[in-house]
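Encoded as structure tokens, the structure appears first; notes follow it.
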Amino acid sequence: MFVHRHPAAGRLRRRLAAGTAAAALGAALLAGGGRAAAADPAPAPVDVTVNANEGFGTIPSTAYGLNSAVWDSQMNVPQVQDLITSADVGMLRYPGGSYGDSYHWEDNTAPGGYVAPGTDFDSFMGTVQKVGAQPILIANYGSGTPQEAADWVRYANVTKGYGAKYWEIGNELYGNGHYGSGWETDDHADTSPTAYATNLADYATAMKAVDPSIKIGAVLTLPGNWPDGAMASGESADWNHTVIPLVAKHADFVIVHWYPGGSDAAGMLTTPTQLAGELAQLKDQLVQGGAGNLPVAMTELNSNVDEDTQPDALFGADATLTALQSGVFTVDWWDTHNGPTTISTAPDGATDYQDYGILSSGTCVGSVCEPALNTPFPTYYAIQMLSRLGRPGDQLVGAATDNALVAAHAVRRADGDLSVLLINKDPKNAQQVAFHYNGYTPATTSAQVDSYLDQASSITTTTTADTTSATLPPYSLTTLTLHPATGSQSALSAPGTPTVTASDDTSATVSWTPSSGGTADRYEVYRQNGITSELLAGTTGSSVTVHNLTPGTTYTWNVLARDSAGRLSRPSAPVTVRTSTPQQSGCRVSYKLTGGWGNGFNADVNVTDTGPNPITGWTLAFSFPAGADEKVTGFWNANVTQSGQTVVATPVDWNGTLAANGGNSADFGFTGSNNGAYPSPTVFTLNGTVCTTT
């Protein structure tokens with residue numbers, strides 16, 4: 001996707017882009033380093049709401065990751081190891097992006113590319129072990145073989161006992177030229193997605209024959225990012241829709257990369273709001289392809305804009321936590337070192353070297369030189385700030401603001417504390433914020449404040465007694481960690497992860513393992529509804545059926561236990577509940593995506609009257625899912641209008657009559673634009689009747 005540069009390697013392969021609390025907390029915070037611009041506060045404070053009753057699951061040990069590359073001669077030096085340790089990185093990826101498809105582990109070579117001394121596999125694993133991380137390794141699909149990959153597993157886990165668990169089969173293989181753009185090595189005669197999925201099965205078989213405990217990862221792409229929707233001549237499905245069904249029984253996780261870009265820093269900083277939708281659509285694709293149980297790894301992430309300045313740091317923290325809240329088990333930043341390319345100036349006046357690394361390579365472009373070798377860039381401190389918010393085993397909980405310039409993420413720590421990360425995306429103005437807490441009562445004593453300010457060279461830590469308001473300096477990352485009020489927390493543990501045991505179009509039964517730590521008076525099922533939690537059902541048992549649900553709708557639920565004092569436990573891990581459309585209805589609708597190009601798509605709709613009476617003059621209505629930015633831009637064989645998320649289609653002259661009992665159908669289509677995800681509508685009504693949807 002990008003230019004990788006290393007001082008000893010020169011310019012490396014260019015890869016295509018994937019698509020198109022604290023100043024008021026005391027003067028000590030502002031004095032902690034960095035540049036906080038003086039500015040008038042906003043006329044009204046930004047409301048920050050934290051809902052500790054809304055859970056997104058716990059932070060895994062692999063959550064905070066980083067890419068390491070064999071062309072990086074500094075990859076394993078003690079100074080870098082110490083910096084990685086200080087950032088609490090839990091996953092290291094090797095041997096580095098597109099090099100994964102040309103790298104031969106046994107002799108530490110990548111024909112056609114540069115491999116730096118001291119970057120061999122054993123040296124890399126020395127760093128992994130020293131920093132206390134886990135490796136995620138790219139098996140060479142492009143120029144390697146299943147046998148070569150199996151030999152690597154044997155050496156790593158049998159001979160050396162490294163216990164390397166996660167293995168990707170190739171890197172960005174959709175960039176092998178099959179869709180016209182090629183940056184990825186792929187020496188197979190057949191470069192189609194079908195061939196990749198078929199060959200992945202051979203890799204999985206050979207590698208698991210050596211160590212059945214390893215996990216195999218398959219390459220996918222995020223909806224709304226190239227080549228999503230693209231098809232080569234003669235194909236009827238794009239990369240994801242081809243690969244997913246074929247790897248469902250062979251892969252253990254799937255891999256996506258995300259470089260959203262943007263025309264400028266302000267545009268780039270809005271993109272994390274799209275990510276949850278794109279990941280939700282990916283999960284829908286996995287479910288539809290019979291692979292709904294496969295977890296997702298984001299093994300490359302960077303913004304593509306102002307890479308080594310504060311905007312990219314703000315983006316990195318926001319995007320990483322958004323991905324983790326969506327269930328991604330690792331987010332691996334691209335990368336440790338990369339090298340400068342084009343010099344520009346960020347909105348805060350800082351020099352951007354267009355260097356994707358978190359540490360300086362210490363080299364120059366013309367007369368403009370980076371800081372000294374291994375000097376941390378702001379993106380390094382963004383990763384470091386993540387562990388100031390939460391560590392593995394802590395629980396991600398709901399947080400939101402009413403201002404697009406301030407993002408919020410929250411974690412309920414294992415020790416009972418609550419941490420809130422606030423991101424001020426305004427380069428010039430401080431933001432006043434007011435805190436509101438649901439499901440958590442903070443102590444009125446001191447709280448800890450960690451902050452990384454614009455152009456600072458370290459993270460500062462101070463304390464405050466104010467847990468209700470704060471001032472966020474411009475372009476800042478601020479974490480407020482609060483202690484619970486005495487007696488405010490229940491001794492009950494969170495109920496076990498819920499499972500859906502039965503569902504239809506209007507009801508679903510959910511079950512869970514009871515809480516420990518005492519006797520629960522009652523269990524309650526809550527729907528995640530923005531930043532609020534909506535009580536749906538309660539029971540004294542460990543299973544309940546929730547009624548009066550909307551057909552064709554996806555819900556996210558948490559289960560909480562209530563103790564005899566009326567206090568709620570922590571929320572369970574979330575469960576996704578999908579209701580069907582009516583099995584018996586007077587109409588049937590088929591909706592099919594027929595193509596896409598990142599920011600647009602085509603869809604075909606088929607409407608059938610399955611009732612006993614014919615229909616003359618029909619009106620079909622549906623809504624694009626909430627949060628998705630989808631708009632109808634063209635249509636055929638129907639008249640189509642849109643108001644907000646709601647779309648209405650009426651017939652043209654020749655398809656206005658629908659025969660009874662499925663005697664005929666009306667077919668029409670439309671072109672849509674999308675910004676990010678473009679999930680399919682799930683509920684269609686024909687003249688007011690909810691139809692069966694396929």
Suppose we call two aromatic rings close when their centres sit under 6.0 Å apart. Are Trp512 and Tyr523 close by that rule?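 Yes.
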Ring centres of Tyr166 and Phe329 under 6.0 Å apart?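 For Tyr166 and Phe329, the ring centres are under 6.0 Å apart.
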Taking the six-membered ring for Trp, are Tyr259 and His257 parallel (under 30°), tilted (30 to 60°) or perpendicular (over 60°)?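 Tyr259 vs His257 ring planes: perpendicular.
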Run the salt-bridge test on [X] and [Y] with the 4.0 Å N-O cut-off and return the result as yes or no.
| X | Y | value |
| --- | --- | --- |
| Asp284 | Arg578 | yes |
| Asp394 | Arg412 | no |
| Arg391 | Asp415 | no |
| Lys130 | Asp82 | yes |

Kindly determine whether Arg570 and Asn558 satisfy side chain to side chain donor-acceptor pair (under 3.5 Å), including the steps that lead there. CA-CA 10 Å; Arg570 294 171 183 252; Asn558 295 113; over 6 Å; no
Quick one, Ser419 with Arg388, criterion side chain to side chain donor-acceptor pair (under 3.5 Å). Give me CA distance, side-chain angles, the key distance, then yes/no. CA-CA 8 Å; Ser419 292; Arg388 304 294 180 101; over 6 Å; no
Report yes or no: does [X] contribute a side-chain atom to a donor-acceptor pair with the main-chain N or O of [Y] at less than 3.5 Å?
| X | Y | answer |
| --- | --- | --- |
| Gln395 | Gly57 | no |
| Thr401 | Val406 | yes |
| Asp426 | Pro474 | no |
| Thr58 | Gly393 | no |
| Lys425 | Leu269 | yes |
| Asn157 | Gly163 | yes |
| Ser543 | Ser511 | no |
| Tyr94 | Phe121 | yes |
| Thr330 | Thr62 | yes |
| Ser488 | Pro484 | no |

Applying the side chain to side chain contact (heavy atoms under 4.5 Å, CB included) test to His409, which of Val420, Ile423, Leu422 qualifies?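 The passing option is Ile423.
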Side chain to side chain contact (heavy atoms under 4.5 Å, CB included) with Val296: which of Leu220, Ile255, Leu286?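 Between Val296 and the candidates, side chain to side chain contact (heavy atoms under 4.5 Å, CB included) is satisfied uniquely by Leu286.
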As a quick check of understanding, evaluate side chain to side chain donor-acceptor pair (under 3.5 Å) for Thr468 and Asp466, giving each step before the final call. CA-CA 6 Å; Thr468 62; Asp466 187 356; 2.9 Å; yes
Nearest-0.5 Å distance, [atom1] of residue [X] to [atom2] of residue [Y]:
| X | Y | atom1 | atom2 | value |
| --- | --- | --- | --- | --- |
| Leu301 | Asp332 | CG | CG | 9.0 Å |
| Tyr555 | Glu534 | OH | CD | 8.5 Å |
| Met125 | Asn76 | CE | CG | 11.0 Å |
| Gln384 | Leu477 | CD | CG | 11.5 Å |
| Ser446 | Leu482 | OG | CG | 10.0 Å |

After noting the C-alpha distance and the side-chain angles of Val89 and Ile383, does the key distance pass the side chain to side chain contact (heavy atoms under 4.5 Å, CB included) rule? CA-CA 8 Å; Val89 171; Ile383 296 174; 4.2 Å; yes
Verdict with supporting geometry, Thr478 and Asp450, side chain to side chain contact (heavy atoms under 4.5 Å, CB included): CA-CA 6 Å; Thr478 304; Asp450 294 292; over 6 Å; no
Residue pair Gln528, Ser533: steps toward the side chain to side chain donor-acceptor pair (under 3.5 Å) verdict: CA-CA 5 Å; Gln528 293 185 5; Ser533 297; over 6 Å; no
Could you go step by step and tell me if Asp252 and Lys208 meet the salt bridge (charged side-chain N to carboxylate O under 4.0 Å, His left out) rule? CA-CA 11 Å; Asp252 302 290; Lys208 288 191 173 185; 2.7 Å; yes
